[in-house]
Amino acid sequence: MCILTKRKLLRMEDHYYWTGNKDWVPFTDELKNKLLDVYGDESYPYEWSEQDIYQGLNNIITDYFSKQH
């Protein structure tokens, strides 16, 4: 079983900062809450893998910031 934790979310923010998306960091509370709502709990019958979480987070984050500009 794999879920998103606040610690993993902080590492994700760090990743985006160091890969050139400095204006995206820090994530807004709205975005953090959305990410934790989706991936913070294992929702039956789904089981998230690390890849599922990473790809899903990337999609949500990219979509969120593309709508901001």
Side-chain angles (χ1 to χ4, degrees):
M1 175 166 78
C2 189
I3 61 171
L4 177 66
T5 62
K6 289 182 181 183
R7 184 179 203 153
K8 288 179 185 178
L9 187 53
L10 287 173
R11 280 193 248 152
M12 194 76 163
E13 281 183 292
D14 194 46
H15 166 79
Y16 278 98
Y17 179 84
W18 291 109
T19 57
N21 296 301
K22 291 179 169 72
D23 57 329
W24 291 9
V25 177
F27 291 167
T28 63
D29 288 338
E30 175 188 4
L31 178 58
K32 287 180 186 178
N33 290 334
K34 182 176 184 175
L35 297 173
L36 288 169
D37 284 346
V38 175
Y39 292 105
D41 289 319
E42 193 83 37
S43 58
Y44 183 80
Y46 306 110
E47 271 190 44
W48 307 121
S49 69
E50 286 286 331
Q51 181 63 31
D52 293 332
I53 290 175
Y54 178 80
Q55 188 62 47
L57 290 174
N58 189 47
N59 291 344
I60 293 170
I61 292 166
T62 302
D63 186 54
Y64 180 84
F65 286 106
S66 69
K67 290 179 181 177
Q68 296 291 318
H69 293 97

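Annotation: the span from D52 atom CG to L4 atom CG amounts to 13.0 Å, rounded to 0.5 Å. The line from OG1 of T28 to CG of N33 is 8.5 Å long, rounded to the nearest 0.5 Å. One distance of note links CG of L57 with OH of Y64; it measures 14.5 Å at 0.5 Å rounding. With values rounded to the nearest 0.5 angstrom, D14 atom CG is found 11.5 Å from M12 atom CE. Note: I60 CD1 to Y39 OH = 5.0 Å, rounded to the nearest 0.5 Å.
Annotation for K22: atom NZ counts as buried by contact number, over 12 foreign heavy atoms lying within 6.0 Å. With a 6.0 Å radius and a threshold of 12 heavy atoms from other residues, nucleotides or ligands, R11 has its CZ atom above the threshold.
There is no path of hydrophobic side-chain contacts, each under 4.5 Å, that joins I61 to L10.
Residues F65 and N21 fail the side-chain proximity criterion, which asks for heavy atoms closer than 4.5 Å.
Heavy-atom minimum distance, K32 versus L9: CG-CD2, 3.8 Å.
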Is there a side chain to side chain contact (heavy atoms under 4.5 Å, CB included) between N58 and Y16 once you walk through the steps?
CA-CA 10 Å; N58 189 47; Y16 278 98; 2.5 Å; yes
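Between Y54 and H15, the two ring planes are perpendicular [angle over 60°; tilted spans 30° to 60°].
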